[in-house]
Undergrad: 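This structure is in structure tokens; I'll ask about it shortly.
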Amino acid sequence: GVWRQTRALLFKNCLIKGRTKKSSVQEVLFPLFFLFWLILMSMMHPHRKYDEVANTNLGTLDTSQLVNFVIGYTPPTRMARDIMKKVAFDNFEEGIITEEYLSEEELQEASALKPSSFVGVVFKDSMSYELRFHDSIAMSSIYMESR
């Protein structure tokens, strides 16, 4: 019956595995090797857990400090324009002045002309950016430890 067929199939599979030792060893060792490699990679780049920040009322935003405040950005892509439009008009009633520049050099020149009221944003790709202040660069602090 069923037991006899199961035993015969098991015996046949054992014979095949015994005759093809190289592929049998590979079937066992390759997953172990990749598991070891994943563990090693996760140990090289550990995750950093940030402590919880308590909810606090920050009060209202003093928009008097944002008078004549200019945010310049480059490159002038559709994605950058959409992001800067959201920054300028969704969060502030009067809006913040945004200017687009064709290159980082133009952005740096504008920063030198009006250093106290100017912040530059350089979009590297769709997920990263750099903030440029007069004579300095500030990178996004998100996931800074994993770089």
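Remember, it's a predicted structure, so these values are computed and weren't measured experimentally.
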Undergrad: Do P76 and Y101 come close enough that some side-chain heavy atom pair is under 4.5 Å?
TA: no

Undergrad: Has the side chain of T20 got a donor or acceptor atom that lies under 3.5 Å from a matching backbone atom of S23?
TA: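 Absent.
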
Undergrad: Between the side chain of S128 and the main-chain N/O of K124, is any donor-acceptor distance below 3.5 Å?
TA: no

Undergrad: How long is the straight-line distance from OG1 of T74 back to CD of E99, given to the nearest 0.5 Å?
TA: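 Reported to 0.5 Å precision, the distance equals 12.5 Å.
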
Undergrad: Looking only at heavy atoms, what is the nearest atom pair of A80 and P75, with distance?
TA: CB-O, 3.5 Å

Undergrad: Nearest 0.5 Å, please: how far is CG in L29 from CG in L35?
TA: 12.5 Å

Undergrad: Can you list the residues that meet the side-chain contact (heavy atoms from CB on, under 4.5 Å) rule with K17, with sequence neighbours excluded?
TA: S24, E27

Undergrad: Strictly below 4.0 Å, N to O, side chains only: are R78 and D82 in salt-bridge contact?
TA: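 A salt bridge links R78 with D82.
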
Undergrad: Is there a donor-acceptor contact under 3.5 Å from the side chain of K86 to the main chain of I83?
TA: no

Undergrad: Rounded to the nearest 0.5 Å, what's the gap from SG on C14 to CZ on R19? Could you check?
TA: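 Between atom SG of C14 and atom CZ of R19 there are 11.5 Å.
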
Undergrad: Taking the side chain from T98 and the backbone from M84, do they hold a donor-acceptor pair closer than 3.5 Å?
TA: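 Not confirmed, T98 side chain does not pair with M84 backbone.
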
Undergrad: Got a second to check how far K22's NZ is from Q26's CD, nearest 0.5 Å?
TA: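 Separation between the atoms: 6.0 Å.
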
Undergrad: Do the side chains of L32 and W37 join up, straight or via other hydrophobic residues, at under 4.5 Å, putting them in one cluster?
TA: no

Undergrad: If the condition is side-chain hydrogen bond (donor to acceptor under 3.5 Å, both in side chains), which residues does R4 pass it with, not counting sequence neighbours?
TA: none

Undergrad: Side chain to side chain contact (heavy atoms under 4.5 Å, CB included) for L107 and F118? Distances and angles first, verdict last.
TA: CA-CA 10 Å; L107 186 73; F118 187 86; 3.7 Å; yes

Undergrad: From F33 CZ over to L38 CG, what is the distance, rounded to the nearest 0.5 angstrom?
TA: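 The CG atom of L38 is 10.0 Å from CZ of F33, to the nearest 0.5 Å.
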
Undergrad: If you round to the nearest 0.5 Å, how far is CD of E104 from CD of E109?
TA: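 Answer rounded to 0.5 Å: 12.5 Å.
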
